[in-house]
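Labels below follow one simple rule: chain letters A, B, ... track the order of the sequence lines, proteins then strands, and each chain is numbered from 1.
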Protein chains: 2
Amino acid sequence: MEPILEGLEQAEGLAALQAASEEIRDHYRVDHVVYHWVDSAGDQYGCGTYSDVWRDRYLEQNYLRIDPVIMGCFQRFHPVDWKRLDWSSKSARTFQAEAIAHGVGNQGFSVPIRGPNGQFALFTVSHSCDDKTWAEWTDAHRRDLILIAHTFNEKALDFEPDRAPEQSQALSPREVDAMTFLAMGYSRAQVADTLSISEHTLRVYIESARFKLGAMNTTHAVARAMSRGLIVV
Amino acid sequence: MEPILEGLEQAEGLAALQAASEEIRDHYRVDHVVYHWVDSAGDQYGCGTYSDVWRDRYLEQNYLRIDPVIMGCFQRFHPVDWKRLDWSSKSARTFQAEAIAHGVGNQGFSVPIRGPNGQFALFTVSHSCDDKTWAEWTDAHRRDLILIAHTFNEKALDFEPDRAPEQSQALSPREVDAMTFLAMGYSRAQVADTLSISEHTLRVYIESARFKLGAMNTTHAVARAMSRGLIVV
DNA sequence: TACCACCTCGCTATTTCTGGGGAGGGGAAA
DNA sequence: TTTCCCCTCCCCAGAAATAGCGAGGTGGTA
């Protein structure tokens, strides 16, 4: 692994990351290696060895919203084998069939990665082989994959400092309180009562938080505060 | 490193993590090894080799709010040497002096880690030595420290009672659409327009989703859908 | 076949939230 | 010291969301 990780660590720019993903694929002799960034605003980009056709189809169809790999990893910290995900829904099965038809392997292993402000990304290795071979391979290279995932995300954050420019504005304690209780389902009147302040005051906090978060309404503000990890509910 | 990481991977329970941190300290011959879980609700716990006095003082004084290591790492993805943090404010300097007086080393290296739902933790190694020695040591063990940090957090999340134990009812596709656009800040009228349905219909979806999620209002429903990973925004 | 979940559309009345204005006191930092 | 942000309180009108009632069509499953 060592020389492979060295190469990745020295990569500069997206094109170099793309080249690194191909090197990693060849080094480990797997079908595909993909790094996929998903933004709290819904933006996404990535690099990897999937075919252009599949990548375009994925973006065009907005498969982000039904991809069980995304949905499953978003709720976990642990790296996960695709077999352990939930493929039971109808949309998931059609998605899976289409993915395999586009050359994605029947086996996969994905490492979720999170950065500041709710940044979320996935590092995935996919391959076509039987279950036993795959289990042995992932067991043997689990640590390598975690380090590679980590390094990919480091590089991606370096190249994209403008992804979350000054929107990373922190909320004041009272604003955090307000957002938290709103996310818990309290009405404005209830929040104000809970915090022992007037509803008018509370409204100032909500408006201020909304402004800082660049949100269009309260629901949007709470959603952004959550996805940026500013509140935990 | 190998046997050390093996030991950590087999740890069961907080006491075992505590023991593992002491083993790691002895293995690398550093002064302190600490894993520190923080969530923005204010809860925190951790394990490590700091003295009880310092730990109690830290909690009692709520140093969480002024600790430059916390503040700095919360905005980064990269592991960071303490020297690169901002120690310029007055409260930071008094905090630093007190920490050193309590046996915390003058050098430190911290790895930020993030999990689902805004979970945040730090893995820190601290030591007393000159800058050059420390730089060499951290360069040599950077990858080890990342893997150890990752493993610590895996264990910690395992011990932590799951945030969504109850299998929440899945949302229908239209309900997911509705929740997603609402989380993106669209008003009901805008969502209805985007989905090309009447606002009345949209309202049915929102109410239905609210019922399924056990939510008291739209904001609550969106918050729950997000924290359960039913929508990705 | 009957049932159920899903998708689509309609009405009225009430409650709640939003968007404009204001004002003053306190604390930390430059 | 001045500046800036945070916390607190107030009014009002218009916009938006909620609660309650209703209707019919589709497609899959028991």
Side-chain angles (χ1 to χ4, degrees), chain A residues 66 88-94 166 168-224 230, chain B residues 62 65-66 68 71 86-95 168-223 225 230:
Chain A
I66 59 163
S88 61
S89 83
K90 197 179 151 192
S91 60
R93 277 194 304 262
T94 58
E166 50 232 287
S168 56
Q169 182 135 22
L171 299 180
S172 77
R174 279 313 218 187
E175 287 158 359
V176 171
D177 291 342
M179 292 293 107
T180 302
F181 285 116
L182 288 172
M184 288 165 59
Y186 290 28
S187 70
R188 289 205 312 202
Q190 287 174 311
V191 176
D193 198 49
T194 306
L195 296 178
S196 302
I197 55 177
S198 78
E199 194 178 329
H200 312 281
T201 302
L202 176 77
R203 228 181 49 196
V204 177
Y205 298 146
I206 299 174
E207 276 176 40
S208 161
R210 212 173 47 218
F211 178 76
K212 286 182 181 174
L213 296 164
M216 308 168 84
N217 53 45
T218 302
T219 300
H220 194 196
V222 169
R224 289 204 156 177
L230 300 174
Chain B
N62 205 15
R65 299 218 180 266
I66 59 162
M71 316 258 284
D86 176 20
W87 297 91
S88 60
S89 81
K90 196 178 155 195
S91 58
R93 277 194 301 264
T94 58
F95 168 79
S168 57
Q169 202 168 353
L171 299 180
S172 78
R174 279 312 218 188
E175 287 158 0
V176 172
D177 291 342
M179 290 294 106
T180 302
F181 285 117
L182 287 172
M184 288 166 58
Y186 290 29
S187 70
R188 291 206 308 202
Q190 287 175 312
V191 176
D193 197 51
T194 306
L195 296 177
S196 301
I197 55 177
S198 79
E199 196 178 330
H200 310 279
T201 302
L202 176 78
R203 225 181 52 196
V204 177
Y205 298 146
I206 298 174
E207 277 176 37
S208 162
R210 211 171 51 214
F211 178 76
K212 285 182 182 175
L213 296 165
M216 310 168 83
N217 53 46
T218 302
T219 300
H220 194 195
V222 169
L230 300 173

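Rounded to whole Å, the distance from CG on A:Leu202 to C1' on C:dG19 is 16 Å. Counting to the nearest Å, the P atom of C:dC17 and the CE atom of B:Met216 are 12 Å from each other. When rounded to the nearest whole Å, the span between CD1 of A:Ile206 and P of C:dG20 equals 16 Å. Taking atom CG on A:Leu171 and atom P on D:dC5, their separation rounds to 15 Å, with Å as the unit. As rounded to whole Å, 16 Å separates atom C1' of C:dG25 from atom CD1 of A:Ile197. Remark: P of C:dC17 and NE2 of B:His220 are 14 Å apart, rounded to the nearest angstrom. Rounded to whole Å, atom P of C:dC17 lies 15 Å from atom CG of B:Leu182. The distance from atom CZ of A:Phe211 to atom P of C:dG20 is 12 Å, rounded to the nearest whole Å.
Shortest non-hydrogen contact noted between A:Lys212 and A:Leu171 is CD-CD2, 3.9 Å. For the residue pair B:Leu195 and B:Ala178, the shortest heavy atom distance occurs at CD1-N, 4.4 Å. For the residue pair B:Ala223 and A:Ala183, the shortest heavy atom distance occurs at CB-O, 3.5 Å. Annotation for B:Met216 and B:Arg210: closest pair C-CD, 4.0 Å, computed over non-hydrogen atoms.
Judged by distance alone, with hydrogens and angles left aside, the side-chain atoms of A:Arg224 form a donor-acceptor pair with the main-chain N or O of A:Gly214 at under 3.5 Å. Proximity of a side-chain donor or acceptor of B:Ser208 to a complementary backbone N or O of B:Val204 within less than 3.5 Å is not detected.
Phosphate proximity of D:dC7 to A:Ser172: present, with a side-chain N or O under 4.0 Å from OP1 or OP2. Using a 4.0 Å cut-off, no side-chain N or O of A:Arg188 falls inside it from OP1 or OP2 of C:dT16. In this model, the phosphate group of D:dC5 is not approached by any side-chain N or O of A:Lys212 to a distance below 4.0 Å at OP1 or OP2. Dashed line: the shortest gap from a side-chain N or O of B:Tyr205 to OP1 or OP2 of C:dT8 is under 4.0 Å. Phosphate contact (OP1/OP2 of D:dT8, side-chain N/O of A:Arg174, threshold under 4.0 Å): present. Taking 4.0 angstrom as the limit, A:Thr218 places a side-chain polar atom (N or O) nearer than this to OP1 or OP2 of C:dT18.
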task: Start with the C-alpha distance between B:Arg174 and B:Thr201, add both sets of side-chain angles, then the distance that settles side chain to side chain contact (heavy atoms under 4.5 Å, CB included), and finish with yes or no.
output: CA-CA 10 Å; B:Arg174 279 312 218 188; B:Thr201 302; over 6 Å; no

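A heavy-atom distance below 4.5 Å is not found between the side chains of B:Thr194 and B:Asp177. Within the 4.5 Å cutoff, no side-chain heavy atoms of B:Leu230 are placed close to those of B:Met179.
The side chain to side chain donor-acceptor pair (under 3.5 Å) search around B:Thr218 returns none, not counting sequence neighbours. With sequence neighbours excluded, no residue forms a side-chain contact (heavy atoms from CB on, under 4.5 Å) with B:Arg93.
In the helix from C:dT1-D:dA30 to C:dA30-D:dT1, the rotation axis of the first five pairs and that of the last five pairs differ in direction by 60°, rounded to 10 degrees.
A distance of 11.5 Å separates CD of A:Glu175 from OG1 of A:Thr180, quoted to the nearest 0.5 Å.
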Any N/O pairs under 3.5 Å between the protein and nucleotides 10-14 of chain D? List them or say none.
unit_1	atom_1	unit_2	atom_2	d
D:dC11	N4	A:Arg203	NH2	3.1
D:dC12	N4	A:Arg203	NH1	3.4

Please list, for nucleotides 23-30 of chain D, all pairs of protein and nucleotide N/O atoms separated by less than 3.5 Å.
none

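Using a 4.0 Å heavy-atom criterion, one finds that A:Glu207 contacts the bases of the nucleic acid, with or without backbone contacts as well. Note on A:Ser208: nothing from the nucleic acid sits closer than 4.0 angstrom, heavy atoms only.
If you find the closest nucleotide of DNA chain C to B:Glu175 and to B:Asn217, the one lying nearer the 5' end belongs to B:Glu175. Between B:Ser196 and A:Glu199, it is B:Ser196 whose nearest contact on DNA chain C lies nearer the 5' terminus.
Applying the ring pair (Phe, Tyr, Trp, His ring centres under 6.0 Å) test to every pair with at least one member in residues 172-207 of chain A, sequence neighbours left out, gives these pairs: A:Phe181-A:Tyr186.
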